[in-house]
Amino acid sequence: MARVPYVPQAELDPDYQDLVVSSLQPGKQLNVYSALSNNQEVLRGMRALLGTLWNDSGLTDRQREIVILTLASETGSEYEWHQHVSIAAEAGLEPEEVAAIARDDRAPFPEEEQLIVSYTRAVAQGRVTDELHEAIGEHLGERALVGAASTAAGYLALGRVIDALAVEVERGDQFVGWDPSG
């Protein structure tokens with residue numbers, strides 16, 4: 001059970017009502033945003049941050065989803081994982097690749113994506129080394145490298161909020177599981 005109420009869209013100030021609805025699933029109110037709606041200004045800020053990371057990180061859609069799924073796996077965030085498994089499929093990740101991320105198996109990925117997984121896990125642990133930073137920078141360039149670090153850290157923050165508030169997967173949904181391939 002969530003530790004804060006999920007604020008219904010109709011109870012929000014009109015300027016905030018659209019912020020609780022998924023931009024990828026029009027009309028669907030997401031629990032994470034409904035929980036954040038208990039502080040509407042924080043909701044607006046989080047949506048702005050996440051929107052910037054989503055649209056302007058310099059990562060491809062596939063790379064972005066590798067970062068988000070890796071972060072969710074590293075931290076055990078079922079909610080983030082659940083939300084992004086289908087998005088990752090649309091970004092070109094195969095179910096076997098998604099399952100590999102969950103078990104920290106980097107073998108199915110080319111070197112650049114292996115580095116993204118390693119880098120994301122290091123960001124989550126607060127253990128980015130100079131060598132790892134340089135290696136991923138050679139593949140991504142500085143813009144996307146900053147985007148990868150920021151996306152990992154931003155979704156780490158979101159995952160910690162989800163955990164602190166005990167946000168649940170939306171009613172009617174069941175957790176997709178850590179292995180969508182089978």
Side-chain angles (χ1 to χ4, degrees), residues 1-2 6-9 17-37 43 46-110 112-114 116-121 123-124 144 147-148 150-182:
M1 181 169 173
Y6 298 128
V7 180
Q9 185 178 22
Q17 289 182 352
D18 288 345
L19 296 177
V20 296
V21 176
S22 169
S23 55
L24 300 176
Q25 303 169 67
K28 184 173 184 177
Q29 186 171 334
L30 296 181
N31 286 349
V32 63
Y33 301 143
S34 299
L36 288 170
S37 292
L43 169 66
M46 287 295 282
R47 289 297 306 261
L49 171 64
L50 296 172
T52 298
L53 297 174
W54 187 271
N55 295 310
D56 302 313
S57 68
L59 300 170
T60 66
D61 291 349
R62 180 180 167 90
Q63 291 169 333
R64 181 196 65 233
E65 292 308 312
I66 290 171
V67 169
I68 295 169
L69 288 177
T70 300
L71 191 283
S73 171
E74 180 68 26
T75 61
S77 178
E78 290 185 4
Y79 187 90
E80 283 183 307
W81 183 267
H82 180 81
Q83 293 296 332
H84 283 271
V85 165
S86 63
I87 298 168
E90 292 173 18
L93 280 133
E94 297 297 326
E96 297 78 20
E97 292 174 312
V98 172
I101 289 172
R103 49 177 201 277
D104 196 17
D105 174 8
R106 299 169 197 179
F109 299 98
E112 178 180 300
E113 291 177 350
Q114 288 181 19
I116 290 170
V117 171
S118 296
Y119 189 75
T120 300
R121 290 189 186 278
V123 169
S150 299
T151 300
Y155 278 85
L156 176 62
L158 180 63
R160 296 297 188 228
V161 171
I162 289 166
D163 180 63
L165 303 178
V167 175
E168 306 149 309
V169 171
E170 283 70 25
R171 185 182 310 267
D173 287 356
Q174 287 204 254
F175 177 58
V176 295
W178 295 103
D179 185 353
S181 66

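This chain uses plain numbering: 1 for the first residue, then up along the sequence. Small disclaimer: the values here were computed from a predicted structure and weren't measured.
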Show me, pair by pair, the donor-acceptor contacts under 3.5 angstrom made by side chains of residues 152-167, not counting sequence neighbours?
none

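Remark: Gln29 pairs with Gln9, Val20, Ser34 by the side-chain contact (heavy atoms from CB on, under 4.5 Å) rule, at least two apart or across chains.
Side-chain atoms of Ser118 come within 3.5 Å of backbone atoms of Gln114 as a donor-acceptor pair (strictly under, hydrogens ignored). Distance alone, capped at 3.5 Å, places no donor-acceptor pair between the Glu97 side chain and the Phe109 backbone. The main-chain N or O of Val32 is found under 3.5 Å from a side-chain atom of Tyr79 such that the two form a donor-acceptor pair. Although no hydrogens or angles enter the test, the distance criterion places a donor-acceptor pair under 3.5 Å between the side chain of Trp81 and the main chain of Gly177. Judged purely by atom type and a 3.5 angstrom limit, Asp61 has no side-chain atom pairing as donor or acceptor with the backbone of Ala91.
Rounded to the nearest 0.5 Å, atoms CG (Leu43) and CE (Met46) are 9.0 Å apart.
Within the structure, the salt bridge (charged side-chain N to carboxylate O under 4.0 Å, His left out) test picks out the following pairs touching residues 99-110 (sequence neighbours left out): Arg103-Asp105, Asp104-Arg106, Asp104-Arg121.
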Please evaluate residues Glu113 and Leu93 with respect to the criterion side-chain contact (heavy atoms from CB on, under 4.5 Å), reporting the C-alpha separation (whole Å), side-chain torsions for both, the decisive distance (0.1 Å), and the verdict. CA-CA 11 Å; Glu113 291 177 350; Leu93 280 133; 5.9 Å; no
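Looking only at side-chain heavy atoms (C-beta outward), Arg64 and His84 stay at 4.5 Å or farther from each other.
His82 approaches Val176 most closely through the heavy-atom pair ND1-N, 3.1 Å.
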